[in-house]
Student: 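Structure in structure tokens, see below.
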Amino acid sequence: FPIWWYVAPTIVNTFLEQYDLSGKTIIPLATSGSSGMGNTNKELAVSCPGAELKEGKRFPADASAEELKAWAEGFGI
Ligand SMILES: Cc1cc2nc3c(=O)[nH]c(=O)nc-3n(C[C@H](O)[C@H](O)[C@H](O)COP(=O)(O)O)c2cc1C
């Protein structure tokens, strides 16, 4: 998702709230103009109770597919 005002857009909260994610691992992947993850996880945590919410990573808006793939592969995805 894109970082909007230092957090995930609230539609991401709405998405998470559609599922029972307890016991699941969530790894946020975000893009932004320049700022970091900011309060992203603090705001997302309330929408995925019982899930393990990892720190995740922020990429620049022009990150390449190769860069994203390399990051995801680090998790064995
Ligand atoms: C409403 C809005 C708020 C934004 N807030 C931030 C911000 O707080 N920090 C930042 O670095 N970029 C911010 N941006 C830039 C977006 O993060 C950037 O455009 C996005 O990651 C690129 O994805 P896109 O092509 O889907 O917009 C904002 C953009 C919009 C439209």
Side-chain angles (χ1 to χ4, degrees):
F1 51 82
I3 297 285
W4 280 5
W5 311 123
Y6 309 104
V7 295
T10 53
I11 195 171
V12 178
N13 292 78
T14 305
F15 170 76
L16 295 175
E17 288 161 14
Q18 303 310 301
Y19 303 96
D20 175 7
L21 295 169
S22 55
K24 304 289 186 188
T25 300
I26 300 171
I27 309 170
L29 187 172
T31 60
S32 79
S34 62
S35 53
M37 295 296 269
N39 288 327
T40 297
N41 277 12
K42 186 166 168 266
E43 299 282 327
L44 290 181
V46 293
S47 297
C48 52
E52 184 186 358
L53 186 56
K54 299 271 199 186
E55 170 67 18
K57 190 169 167 68
R58 169 266 168 193
F59 288 88
D62 63 353
S64 68
E66 288 72 23
E67 201 178 345
L68 301 180
K69 189 163 175 278
W71 177 73
E73 283 173 350
F75 296 101
I77 297 169

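Just follow the structure's listing: the first ligand is 1, and inside any ligand the first atom is 1. Nothing fancy with the numbering, it's 1 onward along the sequence.
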Student: Find out whether Leu16 and Ile26 are in side-chain contact, i.e. whether some heavy atom of one side chain is under 4.5 Å from a heavy atom of the other.
Tutor: yes

Student: Could you find the nearest protein heavy atom to atom 1 (C) of ligand 1 and give me its residue, atom name and distance?
Tutor: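 Going by distance alone, atom 1 (C) of ligand 1 is nearest to Trp5 NE1, 3.7 Å.
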
Student: Would you say the side chain of Asn13 lies within less than 4.5 Å of the side chain of Leu44, judging by non-hydrogen atoms?
Tutor: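 When only atoms from C-beta onward are counted, Asn13 and Leu44 do touch, with a gap below 4.5 Å.
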
Student: To the nearest 0.5 angstrom, please state how far the OG1 atom of Thr10 sits from the CD atom of Glu43.
Tutor: 10.0 Å

Student: Enter the distance from Leu53:CG to Lys42:NZ here, rounded to the nearest 0.5 Å.
Tutor: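 Answer rounded to 0.5 Å: 13.0 Å.
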
Student: Answer yes or no for atom 25 (O) of ligand 1: protein heavy atom present at a distance under 4.0 Å?
Tutor: no

Student: Under 3.5 Å between any N/O of Ala61 and any N/O of ligand 1: does that happen in this structure?
Tutor: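 It does not: no N or O of Ala61 is found under 3.5 Å from an N or O of ligand 1.
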
Student: If you measure from CH2 on Trp5 to CG on Asn39, what distance do you get to the nearest 0.5 Å?
Tutor: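 If we round to the nearest 0.5 Å, Trp5:CH2 and Asn39:CG are 14.5 Å apart.
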
Student: To the nearest 0.5 Å, what is the distance between CZ on Arg58 and OG on Ser35?
Tutor: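 With rounding to 0.5 Å, CZ (Arg58) is 7.0 Å from OG (Ser35).
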
Student: Relative to the heavy atoms of Ser34, which atoms of ligand 1 are at a distance of less than 4.0 Å?
Tutor: 10 (C), 11 (O)

Student: Report the distance from atom CD of Glu52 to atom NZ of Lys54, rounding to the nearest 0.5 Å.
Tutor: 4.0 Å

Student: What atoms in ligand 1 come closer than 4.0 Å to a heavy atom of Thr31?
Tutor: 17 (O), 20 (C), 21 (O), 22 (C), 23 (O)

Student: Are any of the N or O atoms of Gly33 closer than 3.5 Å to those of ligand 1?
Tutor: yes

Student: Identify, for atom 31 (C) of ligand 1, the protein heavy atom at the shortest distance, and state residue, atom and that distance.
Tutor: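 Minimum-distance protein heavy atom for atom 31 (C) of ligand 1 reads Trp4 NE1, 3.7 Å.
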
Student: As an exercise, state the distance from CZ of Phe75 to OG1 of Thr25, rounded to the nearest 0.5 Å.
Tutor: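 Result: 10.0 Å between the selected atoms.
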
Student: Could you tell me whether atom 5 (N) of ligand 1 has a protein heavy atom closer than 4.0 Å?
Tutor: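 At least one protein heavy atom is under 4.0 Å away.
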
Student: Hey, which atoms in ligand 1 end up nearer than 4.0 Å to a heavy atom of Ser35?
Tutor: 7 (C), 8 (O), 9 (N), 10 (C), 11 (O)

Student: Looking at atom 9 (N) of ligand 1, tell me if a protein heavy atom falls under 4.0 Å from it.
Tutor: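 Under 4.0 Å from atom 9 (N) of ligand 1, at least one protein heavy atom found.
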
Student: Please report which non-hydrogen protein atom sits nearest to atom 27 (O) of ligand 1, along with the residue it belongs to and the distance in Å to one decimal place.
Tutor: Pro2 CB, 4.7 Å

Student: Evaluate the 4.0 Å heavy atom contact test for atom 19 (O) of ligand 1: does a protein atom fall under the cut-off?
Tutor: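 When distances to the protein are checked, atom 19 (O) of ligand 1 has no heavy atom within 4.0 Å.
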
Student: Could you please spell out the steps behind the side chain to side chain contact (heavy atoms under 4.5 Å, CB included) verdict for Phe59 and Trp71?
Tutor: CA-CA 10 Å; Phe59 288 88; Trp71 177 73; 3.7 Å; yes

Student: In the protein, what heavy atom is nearest to atom 28 (C) of ligand 1, and what distance, to one decimal place, separates them?
Tutor: Ile3 O, 3.5 Å

